[in-house]
Amino acid sequence: MNKVKSIFLVMIICAVVFVLTGCERTEEAEQAESKTNTEKTVLSNEEMYSDLIENYEKALAEFDLDSLESEEEIKNKYGIEDLTLIMHIARYAEDGLKLTKEFYDVDKNGIDELILGAENAIGVIYSFDTSSNKPVFIFALDTLERGSASIYDNGTIFSGGAGGAMLHVYEFGKISENGTSYELLEKVEEEYIEDNEVPEYRDSATGRKLEYKSLDEVIDKYINNAEVVDVFN
């Protein structure tokens with residue numbers, strides 16, 4: 001009887017050991033799988049934006065400056081929100097102007113934005129939405145002929161353009177806290193009226209006269225002591 005009990009006890013111990021070992025191995029396997037899945041979700045900048053960059057390159061190659069329908073066709077085909085950059089590069093392609101790209105974390109949230117430009121001029125900014133795993137449009141400069149855009153290390157996106165010798169428009173914005181949209185801070189028109197030495201400032205959207213006495217006042221308000229980021233160098 002004692003021998004039977006001993007055999008039975010050994011069998012129980014073996015079963016317990018087997019179960020515990022199996023549980024331990026299952027837990028290790030789950031951890032390994034979880035680690036693998038996590039590693040798979042970490043994408044490089046090139047991987048995040050590869051399709052978008054390719055679309056811009058194809059759009060540039062296919063864009064026809066002489067066709068009135070080309071702009072709409074390219075927009076629909078490649079899902080590009082604004083073709084100002086494409087049109088500008090196409091116009092000066094014979095002079096050697098090329099599409100350039102760089103990655104920079106504008107809003108310091110740990111995800112680099114894609115910045116596309118014409119040589120050293122910023123044209124378009126995209127961010128990456130990790131919830132949908134897709135690039136999202138943030139900002140486009142509406143004229144590269146008579147305008148420019150800059151990114152500052154405090155996250156401010158500053159752009160300006162001329163509507164003539166006496167009229168200039170300046171825009172201050174940033175990437176919203178959600179990291180996937182653009183937040184306009186202020187868009188200001190600066191106009192010299194007749195022979196006045198001091199320009200007038202108006203809200204670009206409403207036309208309301210503003211109390212600014214110089215552009216420096218507006219710049220100090222949003223940029224202060226921030227440094228401009230030399231994105232393409």
Side-chain angles (χ1 to χ4, degrees), residues 43-130 132-153 155-163 169-176 179-184 227-233:
L43 302 175
S44 68
N45 289 331
E46 293 287 352
E47 289 171 326
M48 287 193 294
Y49 298 106
S50 60
D51 290 344
L52 179 61
I53 294 169
E54 185 178 352
N55 281 350
Y56 264 84
E57 291 171 345
K58 289 180 178 178
L60 183 57
E62 296 175 20
F63 185 75
D64 184 359
L65 283 170
D66 297 323
S67 171
L68 296 176
E69 292 78 27
S70 186
E71 183 175 354
E72 197 64 29
E73 289 173 357
I74 293 295
K75 275 187 175 182
N76 293 335
K77 185 174 181 179
Y78 294 110
I80 295 176
E81 289 82 357
D82 187 284
L83 285 189
T84 302
L85 176 61
I86 295 292
M87 294 168 66
H88 181 76
I89 296 174
R91 189 172 292 117
Y92 296 101
E94 291 184 358
D95 297 329
L97 192 64
K98 297 182 182 300
L99 178 70
T100 50
K101 74 176 190 302
E102 193 53 76
F103 305 103
Y104 176 73
D105 188 0
V106 178
D107 55 348
K108 304 296 188 296
N109 70 342
I111 300 173
D112 284 346
E113 276 68 46
L114 169 66
I115 301 159
L116 295 173
E119 300 296 347
N120 296 323
I122 295 172
V124 185
I125 301 173
Y126 284 85
S127 189
F128 191 80
D129 186 352
T130 55
S132 64
N133 280 330
K134 292 181 179 179
V136 289
F137 173 76
I138 296 293
F139 168 86
L141 186 64
D142 57 11
T143 174
L144 279 86
E145 295 285 353
R146 304 178 70 177
S148 63
S150 300
I151 296 171
Y152 284 79
D153 58 11
T156 301
I157 301 169
F158 172 52
S159 59
V169 180
Y170 302 101
E171 181 173 316
F172 301 82
K174 66 177 184 177
I175 298 177
S176 302
T180 58
S181 60
Y182 178 74
E183 179 181 340
L184 176 65
E227 297 289 335
V228 67
V229 179
D230 194 356
V231 175
F232 294 113
N233 291 307

K.L.:
Compare all side-chain heavy atoms of Leu85 with those of Leu99 and state whether any distance is below 4.5 angstrom.
P.N.:
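Leu85 vs Leu99: side chains touch.
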K.L.:
Between Tyr152 and Val228, which heavy-atom pair has the shortest distance, and what is it?
P.N.:
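Tyr152 and Val228 have their closest heavy atoms at CD2-N, 3.5 Å.
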K.L.:
Which distance, rounded to the nearest 0.5 Å, do you find between the CD1 of Ile74 and the CD of Glu62?
P.N.:
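The CD atom of Glu62 is 5.0 Å from CD1 of Ile74, to the nearest 0.5 Å.
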K.L.:
Does any part of the side chain of Ile138, heavy atoms only, come nearer than 4.5 Å to the side chain of Ile175, both counted from C-beta?
P.N.:
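They are in contact (side-chain heavy atoms under 4.5 Å apart), so the answer is yes.
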K.L.:
Look at the rings of Tyr182 and Phe139 and say which category their plane angle falls in: under 30° parallel, 30 to 60° tilted, over 60° perpendicular.
P.N.:
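The arrangement is tilted - the two ring planes meet at 30° to 60°.
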K.L.:
Could you tabulate the donor-acceptor pairs under 3.5 Å formed by side-chain atoms of residues 51-61, not counting sequence neighbours?
P.N.:
| unit_1 | atom_1 | unit_2 | atom_2 | d |
| --- | --- | --- | --- | --- |
| Glu54 | OE2 | Lys58 | NZ | 3.1 |
| Tyr56 | OH | Tyr126 | OH | 2.9 |

K.L.:
Rounded to the nearest 0.5 Å, how far does CD of Glu102 lie from CG of Leu116?
P.N.:
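Reported value, rounded in 0.5 Å steps: 10.5 Å.
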K.L.:
How long is the straight-line distance from CE of Met48 back to CD1 of Ile111, given to the nearest 0.5 Å?
P.N.:
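Going from CD1 on Ile111 over to CE on Met48, the span is 7.0 Å.
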K.L.:
Measure across Asp105 and Gly110 and return the closest heavy-atom pair with its distance rounded to 0.1 Å.
P.N.:
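Result for this residue pair: OD2-N, 2.8 Å.
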K.L.:
With side-chain contact (heavy atoms from CB on, under 4.5 Å) as the test, would you mind laying out the steps for Asn233 and Asn120 before giving the verdict?
P.N.:
CA-CA 8 Å; Asn233 291 307; Asn120 296 323; 4.1 Å; yes
K.L.:
If you draw a 6.0 Å radius around NZ in Lys101, do more than 12 non-hydrogen atoms from other residues or ligands fall strictly inside?
P.N.:
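Open.
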K.L.:
Working note: Val124 + Glu81, criterion side-chain contact (heavy atoms from CB on, under 4.5 Å); need CA distance, chi angles, decisive distance, verdict.
P.N.:
CA-CA 10 Å; Val124 185; Glu81 289 82 357; over 6 Å; no
K.L.:
Could you pull out the closest heavy-atom pair between Glu47 and Leu43, with the gap in Å?
P.N.:
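The answer is OE1-CA, 3.3 Å.
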K.L.:
From Asp129 CG over to Ser181 OG, what is the distance, rounded to the nearest 0.5 angstrom?
P.N.:
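Rounded to the nearest 0.5 Å, the CG-OG separation comes out at 10.0 Å.
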K.L.:
Quick check against the 3.5 Å criterion: does Ser67 have a side-chain atom that pairs as donor or acceptor with the backbone of Glu69?
P.N.:
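Yes, because the side chain of Ser67 sits within donor-acceptor range (under 3.5 Å) of the backbone of Glu69.
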K.L.:
Please round to the nearest 0.5 Å and tell me the distance separating atom CD1 of Ile86 and atom CD of Glu71.
P.N.:
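Those atoms lie 11.0 Å apart.
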K.L.:
About how many Å separate CG of Leu83 and CD of Glu73, when rounded to the nearest 0.5 Å?
P.N.:
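Those atoms lie 11.5 Å apart.
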K.L.:
For a quick test of your reading: what N or O donor-acceptor pairs under 3.5 Å do the side chains of residues 89-98 make, sequence neighbours left out?
P.N.:
| unit_1 | atom_1 | unit_2 | atom_2 | d |
| --- | --- | --- | --- | --- |
| Arg91 | NH1 | Glu145 | OE2 | 3.3 |
| Tyr92 | OH | Glu145 | OE1 | 3.0 |
| Tyr92 | OH | Glu145 | OE2 | 3.1 |

K.L.:
Looking only at side-chain N and O atoms, does Thr100 offer a donor or acceptor that is under 3.5 Å from a partner on Glu119?
P.N.:
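No, Thr100 and Glu119 have no side-chain donor paired with an acceptor closer than 3.5 Å.
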K.L.:
From the options Asp112, Leu114, Asn133, select the one residue that forms a side-chain contact (heavy atoms from CB on, under 4.5 Å) with Phe128.
P.N.:
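It is Asn133, the one option of Asp112, Leu114, Asn133 that forms the side-chain contact (heavy atoms from CB on, under 4.5 Å) with Phe128.
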K.L.:
Considering non-hydrogen atoms only, spot the tightest contact between Tyr49 and Ser127 and give its length.
P.N.:
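Closest approach of Tyr49 to Ser127, heavy atoms only: OH-C, 3.3 Å.
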K.L.:
Side-chain contact test, heavy atoms from C-beta onward, threshold under 4.5 Å: evaluate it for Phe137 versus Ile80 and give yes or no.
P.N.:
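They are not in contact (no side-chain heavy atoms under 4.5 Å apart), so the answer is no.
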K.L.:
Does any part of the side chain of Ile122, heavy atoms only, come nearer than 4.5 Å to the side chain of Leu141, both counted from C-beta?
P.N.:
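Side-chain contact under 4.5 Å: no.
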K.L.:
Specify the closest pair of heavy atoms between Asp64 and Ser70, including all atoms of both residues, with the distance to one decimal.
P.N.:
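Closest approach of Asp64 to Ser70, heavy atoms only: N-OG, 3.0 Å.
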